[in-house]
**Student:** 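The structure that follows is given in the form of structure tokens.
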Amino acid sequence: MSLDFGVWLGAFLTLGIISFLYKDNPVYKVCEAIFIGVSAGYWFVSLFWQNIWPKLVLNLRDVVTALVHGHGPGGGVVYLVAGVLGVMMLMRLLPKVGWISRWPMAFIVGATAGLYFITYLQSNALEQMKATIQAPLITAEFYKHLWPPPPFNPYWNPLLVFVGTFTGLVYFFFSLEHKKAVGVTARIGILFLMVTFGASFGYTVMSRMSLLIGRLDFLLGDWLHLVR
Amino acid sequence: MRFFELLLRIDRRWIFLFVGVAVAAPLFMHRDLKIDVTPEARGIYDAVEALPPGSKVMFAADYDPGTAAELQPMAVTFLKHAFGRGLRVIIVGLWPQGPQQADLAIAEAMREPGVAARNPQYGIDYVNLGYQSGNEVVIQRMGSDISAIFPRDYRGRPLEQFPIMKGVRDLTAISYLFNVSAGDPGTLQWVQFAGDRFHVPIGSGSTAVQAPQIYPYWPQQLTGLLGGMKGAAEYEAISGFRGKGTVYMLSQAAAHLVVILFIVVGNLAYFLTRRKGSAGGAP
């Protein structure tokens, strides 16, 4: 059994949180409150010392020092603008002048949209369209390995991706009534979507089980030294 | 039929108990499952193997202790693999606790005999630049000047002190980037900015929850992908560094079997009891 106080504390908190599986209880509530409190405190300290202090306070100090010595603020004026926008954001806390916070919010939305407009188009649309269209039709390897059929042959996978993408898009195309050929294609698209949701669910189960395994390994190994 | 009716009324705590036992019991067994390596995991292994010794690789640790169970084994294996190949590793993090997790991974990787024999030195063979807030903007800036966004290392020392950073001005100096990602910011941002914009080859190790989101980027925009604990076990299997990923796979498989069993039995019970209800006729 571990002699480390930190390990004992971790074990107590883990058991406290897991105890919710039996039923809600005061120990669980204490552990939950500790988790929320520690998280909030950690983030506050982290963001202050990683953001506000080095990126705002220290840079503004340099601007003020330059002005005191009779120099211009130079490029440091951009930090002044950022600081003002930050204060404007806090106006949200005062109901009468809360509307002021819409300006920095508009800045954030505009800057983020501008930053992501090209990257999303490039990475999530053009690159993937190219991969989807090119892969099944251009790869010579595909034509050499047509047998066995899918799903036993990975060479068919690119074609499956192509068919899945196409039929999935048809399912979300509402300008044509889903009847006859369009209906059949959309129906195939639904099947692909269902398989996708199933795979996502399977991965989610695996992820949650991994977390449980990690915690049990901590309890049985690091704490009790029963497994290694 | 009565058995199935009882099953439908089973207290969910029994299910928790079954899953708990299924996960815990295999931890006492010292048996490894046979692990098939998928092309996704092989892609990362091959990319690292293809790099000449001395190449500079970046390890982006974008996760925290909450997801360490499935991501830490990937981080440890990558570092063992990289140090074993004589690569130089630059660590960065877009999550505050990522660089701390990387430090733990390095300490574990150093215990590997092959790595210990090489005795990697801080500042020469690896450096931890720490956490930087700003998500994708950080990557964007690294594309033009890494020292502008990471002027100091994790412990506050200027980058000029470290021989590993000599000649590393921007992302073009990085031969390969391995991102361990628990969410946002993570692989999505590294692919969009470092990969597609600055053409850095990227491999990703992500949580299983996130893997379906990342899959579309493989194999064109990612050289490889490790999805959850299974991905970690595959990487361990192909690289020959047995670790927690391999150890945990028996528990993972047992837990999955229990879940599948409950889904099958639950559905069977539901349909059989419903049919009986229909045959009896509604009042």
Side-chain angles (χ1 to χ4, degrees), chain A residues 10 18 20-23 39 42-43 45-47 49-52 54-55 111-112 115-116 118-124 126-128 130-132 134-135 154 157-158 161 165 196-197 199-221 226-228, chain B residues 12-13 16-17 19-20 22-24 26-30 39 65-72 96-97 130-134 136-137 140 151 188-189 191-193 195-197 207-213 215-217 219-221 227-230 232 244 247-249 251-252 254-256 259:
Chain A
I18 290 177
F20 183 77
L21 293 176
Y22 184 71
K23 68 176 186 180
S39 296
Y42 180 88
W43 277 105
V45 171
S46 172
L47 291 176
W49 289 108
Q50 294 285 343
N51 277 302
I52 296 174
K55 292 179 184 167
T112 309
L115 189 65
Y116 265 113
I118 298 298
T119 49
Y120 258 97
L121 189 68
Q122 169 75 14
S123 302
N124 290 22
L126 298 178
E127 287 289 335
Q128 293 189 22
K130 194 170 77 179
T132 305
Q134 282 185 350
N157 288 353
V161 170
T165 307
T196 308
F197 297 147
S200 281
F201 175 72
Y203 265 117
T204 304
V205 170
M206 182 161 89
S207 206
R208 301 305 174 229
M209 289 303 161
S210 302
L211 302 186
L212 178 63
I213 293 168
R215 283 296 83 197
L216 289 181
D217 186 48
F218 169 74
L219 291 175
L220 298 171
L226 293 175
V227 296
R228 253 316 66 194
Chain B
R12 62 187 183 142
R13 285 173 288 198
F16 298 151
L17 186 65
V19 172
V23 168
L27 292 175
F28 292 94
M29 303 172 194
H30 300 281
T67 48
E70 51 181 341
L71 297 181
Q72 194 72 359
Q97 290 138 324
Y131 159 71
Q132 188 54 262
S133 61
E136 60 276 4
V137 180
Q140 170 78 11
L188 184 71
Q189 283 74 17
V191 167
Q192 287 179 340
F193 289 87
D196 291 342
R197 185 169 290 192
T207 53
V209 167
Q210 198 192 202
Q213 269 184 298
Y215 254 98
Y217 297 117
Q220 305 293 335
Q221 291 154 285
M229 197 170 275
K230 171 70 164 55
K244 289 277 188 185
V247 174
Y248 288 161
M249 279 319 288
S251 291
Q252 185 80 259
H256 284 201
V259 171

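Naming: A, B, ... by sequence-line order, numbering from 1 per chain.
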**Student:** Quick check for you: among B/A211, B/P216, B/A255, B/G228, which has the greatest number of heavy-atom pairs under 4.5 Å with chain A?
**Tutor:** B/P216

**Student:** Under 4.5 Å from any heavy atom of chain A, what part of B/F28 do you find: side chain, backbone, both or neither?
**Tutor:** both

**Student:** Can you tell which part of A/S46 gets under 4.5 Å to a heavy atom of chain B, answering side chain, backbone, both or neither?
**Tutor:** side chain

**Student:** Look at atom CZ of A/F201 and say whether more than 12 heavy atoms of other residues, nucleotides or ligands are closer to it than 6.0 Å.
**Tutor:** no

**Student:** For each of A/L115, A/V205, A/I18, A/V161, tally heavy-atom pairs with chain B at distances under 4.5 Å, and name the one with the top tally.
**Tutor:** A/L115

**Student:** Kindly say whether B/R197 contributes a backbone atom to a donor-acceptor pair with the side chain of A/Q122 at under 3.5 angstrom?
**Tutor:** no

**Student:** Taking all non-hydrogen atoms of both residues into account, name the closest pair between B/P96 and A/Y42 and its distance.
**Tutor:** CB-OH, 3.8 Å

**Student:** Which pair of heavy atoms, one from A/S210 and one from B/A69, lies closest together, and at what distance?
**Tutor:** O-CB, 3.4 Å

**Student:** Could you give the distance from CZ (B/R12) to CG (A/L21), rounded to the nearest 0.5 Å?
**Tutor:** 8.0 Å

**Student:** Between atom NE2 of B/H256 and atom CE of A/M206, what is the distance when rounded to the nearest 0.5 Å?
**Tutor:** 6.5 Å

**Student:** Which bit of B/Q97 is near chain A, if near means a heavy-atom gap under 4.5 Å: side chain, backbone, both or neither?
**Tutor:** both

**Student:** With a 4.5 angstrom heavy-atom cut-off, which part of B/Q192 approaches chain A: side chain, backbone, both or neither?
**Tutor:** both

**Student:** Using non-hydrogen atoms and a 4.5 Å limit, figure out which bit of B/Y131 sits close to chain A: side chain, backbone, both or neither.
**Tutor:** both

**Student:** Quick one: which of B/P39, B/S251, B/G20, B/A208 has the most heavy-atom pairs under 4.5 Å with chain A, could you say?
**Tutor:** B/A208

**Student:** Would you please test A/Y120 and B/L188 for side chain to side chain contact (heavy atoms under 4.5 Å, CB included) and show each step?
**Tutor:** CA-CA 10 Å; A/Y120 258 97; B/L188 184 71; 3.7 Å; yes

**Student:** Side chain, backbone, both or neither: which part of A/L219 has a heavy atom under 4.5 Å from chain B?
**Tutor:** neither

**Student:** With side chains defined as the heavy atoms from C-beta onward, is the minimum distance between A/K130 and B/Q220 less than 4.5 Å?
**Tutor:** no

**Student:** Which heavy atom in A/L220 sits nearest to a heavy atom in B/L27, and how many Å separate them?
**Tutor:** CD1-CD1, 4.0 Å

**Student:** By a 4.5 Å heavy-atom criterion (distance strictly below it), what part of A/Y116 contacts chain B: side chain, backbone, both, or neither?
**Tutor:** side chain

**Student:** Can you tell which part of A/R215 gets under 4.5 Å to a heavy atom of chain B, answering side chain, backbone, both or neither?
**Tutor:** neither

**Student:** Excluding sequence neighbours, so at least two apart, what forms ring pair (Phe, Tyr, Trp, His ring centres under 6.0 Å) with A/Y22?
**Tutor:** none

**Student:** If you count heavy-atom pairs under 4.5 Å between each of B/V259, B/D196, B/V137, B/V247 and chain A, which one has the most?
**Tutor:** B/D196

**Student:** Which atoms of B/K244 are under 4.5 Å from chain A, going by heavy atoms: the side chain, the backbone, both sets, or neither?
**Tutor:** side chain

**Student:** Which residue out of A/G202, A/A199, A/G214, A/S207 racks up the most heavy-atom pairs below 4.5 Å with chain B?
**Tutor:** A/S207

**Student:** Looking only at heavy atoms and a cut-off of under 4.5 Å, which of A/N124, A/I213, A/I118, A/L216 has the most pairs with chain B?
**Tutor:** A/I213

**Student:** Let's go through B/Q210 and A/Y203 carefully: what are the C-alpha distance in whole Å and the side-chain angles of both, what is the deciding distance for side chain to side chain contact (heavy atoms under 4.5 Å, CB included) to 0.1 Å, and is it a yes or a no?
**Tutor:** CA-CA 8 Å; B/Q210 198 192 202; A/Y203 265 117; over 6 Å; no

**Student:** Within the 4.5 Å heavy-atom criterion, are A/R208 and B/V209 side-chain neighbours or not?
**Tutor:** yes

**Student:** Do you know the tightest heavy-atom contact between A/Q50 and B/S133?
**Tutor:** O-OG, 4.2 Å

**Student:** Which heavy atom of B/Q221 sits nearest to which heavy atom of A/Q128, and what is that distance?
**Tutor:** OE1-CG, 3.5 Å

**Student:** Check each atom of B/A24 against the heavy atoms of chain A and say whether the ones under 4.5 Å are side chain, backbone, both or neither.
**Tutor:** both

**Student:** Taking all heavy atoms of B/V19 and all of A/L212, pick out the closest pair and write down the distance.
**Tutor:** CG1-CD2, 4.0 Å

